[in-house]
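Step one of this worksheet: look at the structure below.
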Amino acid sequence: MKKVIKLLCYIILFTALASVSCTETDADNDRTEQGGSGEDPKPDPDPEPDPDPEPEPEPDPEPEPEPEPEPDPDPKPHDPMADGKLCILAIGNSFSQDAVEQYLWELFDAAGIKAVIGNMYIGGCTLETHWSHAQSGAGAYAYRKVIDGTKTERANVALPTALADEDWDIVTLQQASGNSGRYETYVPYLGNLLGYLADKVERPVWFHQTWAYAQNSNHDAFPRYDKDQMTMYNAIMSAVRQAFADNPSLAGVIPSGTAVQNARTSFLGDTFNRDGYHLETTYGRYTAACTWFEALSGKSVVGNTYAPATIDAQSKAIAQNAAHMAVANPYAVTDMVDFKKPQITEGPLAAPLCIDFGSRTVNATWNNITSTDATDITLKDTEGRYTSATLSISPAFSDLFAGAGSEPDSEIVSGGITWPKSVWADSFVVSGTAGEGDSQTVTITVAGLDAAQKLDVTVLATRYNGTRTARTTQFDLTGSEKRGGQIKQGIRIGTSAGQYPSWSEVPFEEYTLTFDGMSPAQDGTLRLGVKGLDVGSTVVQGNISALRIAPAK
């Protein structure tokens with residue numbers, strides 16, 4: 001029993017000693033993790049060498065820096081049609097409106113090019129004003145946009161908004177027309193705008209070269225160029241050349257000014273403006289659109305299948321070729337020697353001649369006379385054939401009445417003829433001074449007629465928003481004989497004297513004069529005198545809206 005007790009004592013003593021040893025080791029380990037006790041632990045005895053040691057892994061090599069890319073010795077310019085869509089933004093005024101808002105999308109579409117066309121419009125806007133708006137971020141623009149052939153407009157848009165609206169491939173700038181030939185007005189604003197655009201869009205900026213005014217223009221800026229068309233044209237060419245010399249970042253020129261000047265050397269002559277400075281709305285605007293198409297697409301516009309219904313085949317050819325020549329030679333006029341004379345149909349008239357006086361246009365069957373002193377305009381008939389008949393005006397009419405702007409959207413029937421709104425709403429005007437007698441007489445001469453052919457001649461004179469008693473026009477038609485008559489041309493809706501209660505109650509038959517069975521003079525001319533009568537009103541004005549000459553029934 002004593003032996004058992006003794007053995008139990010040894011076991012208890014051994015267990016106690018082992019417990020103390022474990023407790024001290026744990027305490028040392030805790031102190032080491034917290035920074036140690038300041039004593040180095042005793043090293044382990046050297047282990048036996050490994051008879052077959054694994055080789056030490058080599059350290060990962062330091063990654064070599066990627067080499068700097070070599071500069072492209074022949075960088076490729078931005079391809080604006082790489083994505084199959086051409087997005088063009090014009091920053092301009094009414095001259096960019098004339099050029100891009102009507103027919104340009106259709107030309108691209110006919111060529112199989114998907115296009116988006118924008119125009120940041122402020123009427124008469126100069127480079128200086130564009131720069132001012134760029135600095136201020138003012139929402140000062142009408143933002144017009146053509147997508148899928150449909151034009152929309154947003155008011156009060158700022159430049160940054162439009163620039164961010166599309167991934168524009170091409171942005172264009174232009175100077176206001178009156179300053180277009182005065183390079184001092186470009187500086188420093190063009191350079192400033194180019195710097196501004198470089199921070200906004202990584203795309204090329206082109207410059208739109210605009211056109212000189214018509215020789216008879218009464219624009220208040222025309223005297224800066226001695227009221228001479230070629231002086232203005234040459235000044236524009238000089239200014240645009242200098243702009244490119246001073247601003248090498250400009251990508252290219254859109255030579256609308258040269259295209260229009262080229263076209264003026266054709267038989268259409270100086271008829272490309274509707275008011276002396278803006279473009280005539282059919283072949284005038286089409287010429288500018290053709291120029292933009294070829295300059296920006298790089299494709300020849302000659303042969304493009306699209307043309308508006310308002311122009312005939314010969315005018316289409318003149319516009320396309322004038323644009324093509326301008327892109328090939330942007331700073332000099334190319335004489336259109338192949339278009340000096342129209343291809344005409346000789347002999348008596350086989351269809352009526354319909355002649356519209358004013359800035360509005362109808363369609364290709366009408367002759368739209370926009371120049372108040374037109375000379376030797378070759379007339380086409382309603383079948384689209386150019387005839388041997390020509391029209392001239394002398395002296396010039398006093399003014400062009402573009403319309404009141406509030407006319408009903410309606411055609412009228414008078415003299416057995418349907419007159420579209422674009423015909424009756426505008427007119428040419430000859431003015432006198434109230435109380436000093438009648439105005440001078442302006443004579444419209446139609447020459448080249450067959451003296452043996454009898455013709456029915458109808459004159460239309462209307463002036464919307466004018467009272468019936470205020471204006472009266474005397475017309476005198478002279479051929480083999482002389483006939484005449486008067487039209488009180490005012491049309492106003494209201495309840496006062498000289499007004500009509502409603503549009504439906506206007507006696508439209510009273511707004512035409514018809515001279516049936518009229519023979520031209522022996523020299524093949526008909527001469528129509530137009531004079532404003534002094535009827536005791538506050539104005540003396542004669543008006544003519546349209547003229548129709550047809551083979552006699």
Side-chain angles (χ1 to χ4, degrees), residues 77-78 80 86-101 104 115-147 151-211 221 236 239-257 278 288 292 295-296:
H78 167 66
L86 183 61
C87 297
I88 303 164
L89 178 66
I91 300 173
N93 47 47
S94 60
F95 277 36
S96 58
Q97 174 190 17
D98 272 353
V100 308
E101 291 186 15
L104 182 56
V116 175
I117 299 165
N119 184 30
M120 285 292 272
Y121 167 85
I122 299 175
C125 196
T126 63
L127 289 170
E128 180 178 5
T129 301
H130 286 308
W131 171 237
S132 175
H133 292 324
Q135 290 177 292
S136 68
Y141 293 84
Y143 177 32
R144 284 91 176 265
K145 194 174 181 183
V146 183
I147 301 178
K151 184 166 72 173
T152 60
E153 179 173 334
R154 290 164 53 192
N156 305 318
V157 177
L159 278 173
T161 301
L163 290 168
D165 188 43
E166 292 279 353
D167 184 16
W168 301 108
D169 295 299
I170 293 167
V171 179
T172 72
L173 294 168
Q174 65 187 57
Q175 180 58 294
S177 66
N179 290 338
S180 57
R182 303 170 66 217
Y183 185 65
E184 65 272 17
T185 67
Y186 289 52
V187 182
Y189 314 110
L190 177 58
N192 292 347
L193 284 163
L194 290 170
Y196 169 83
L197 291 171
D199 290 336
K200 299 290 184 183
V201 289
E202 296 180 358
R203 292 293 184 262
V205 178
W206 287 59
F207 195 81
H208 182 207
Q209 173 213 93
T210 54
W211 49 89
I236 294 170
V240 176
R241 279 180 181 273
Q242 191 62 50
F244 275 81
D246 292 349
N247 299 279
S249 66
L250 282 171
V253 64
I254 306 167
S256 296
H278 291 112
W292 279 67
L296 299 183

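Because the structure is a prediction, the values reported are computed rather than measured.
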Is there a side-chain contact between Leu197 and Arg203, using heavy atoms and a 4.5 Å cut-off?
no
Inter-residue atom distance Ser96.OG - Leu89.CG, 0.5 Å rounding
9.5 Å
When every non-hydrogen atom of Leu163 is compared with those of Trp168, the smallest separation belongs to O-CD1, 3.4 Å
Between Leu104 and Leu296, is any pair of side-chain heavy atoms under 4.5 Å apart?
no
Shortest non-hydrogen separation from Asn93 to Gln175 and the atoms involved:
ND2-O, 3.9 Å
To the nearest 0.5 Å, what is the distance between CG (Asp98) and NE2 (His208)?
9.0 Å
First locate atom CG of Asn192, then atom NE2 of His130, and finally report the distance between them rounded to the nearest 0.5 Å.
13.5 Å
I'd like to check Met120 versus Val157 (side-chain heavy atoms, cut-off strictly below 4.5 Å). Are they in contact?
yes
Which pair of heavy atoms, one from Pro255 and one from Ala295, lies closest together, and at what distance?
CD-CB, 4.5 Å
Which value, rounded to the nearest 0.5 Å, describes the distance between His278 atom NE2 and Trp211 atom CH2?
8.0 Å
Could you tell me if the side chain of Lys200 sits less than 4.5 Å from the side chain of Leu159, heavy atoms only?
no
Are Leu173 and Leu194 close enough that some pair of their side-chain heavy atoms sits under 4.5 Å apart?
yes
Find out whether Thr172 and Val100 are in side-chain contact, i.e. whether some heavy atom of one side chain is under 4.5 Å from a heavy atom of the other.
no
Spatial distance of atom CD1 (Ile117) from atom CD1 (Ile170) [nearest 0.5 Å]:
11.0 Å
What are the two closest heavy atoms between Thr185 and Tyr189, and how far apart are they?
O-CD1, 3.5 Å
Does the side chain of Ile88 reach to within under 4.5 Å of the side chain of Trp292, using non-hydrogen atoms?
yes
Let me know which of His133, Gln135, Glu128 forms a side chain to side chain donor-acceptor pair (under 3.5 Å) with Trp131.
Gln135
Decide whether Tyr183 and Asp246 meet the rule of one side-chain donor and one side-chain acceptor closer than 3.5 Å.
yes
State, to 0.1 Å, how close Thr210 and Ser180 come at their nearest heavy-atom pair, and which atoms those are.
OG1-CB, 3.6 Å
Between Tyr186 and Asn247, does the side chain to side chain donor-acceptor pair (under 3.5 Å) criterion hold? Intermediate values first, please.
CA-CA 11 Å; Tyr186 289 52; Asn247 299 279; over 6 Å; no
So CH2 of Trp206 and CD1 of Ile254: to nearest 0.5 Å the spacing works out to 6.5 Å
side-chain contact (heavy atoms from CB on, under 4.5 Å), that's the test. Do Phe207 and Leu190 meet it? Break it down for me.
CA-CA 10 Å; Phe207 195 81; Leu190 177 58; 4.2 Å; yes
Knowing that exactly one of Glu153, Glu101, Lys151 qualifies, which makes a side chain to side chain donor-acceptor pair (under 3.5 Å) with Asn119?
Glu101
Which heavy-atom pair separates Ala158 from Gly137 by the least distance, and what is that distance?
CB-O, 3.3 Å
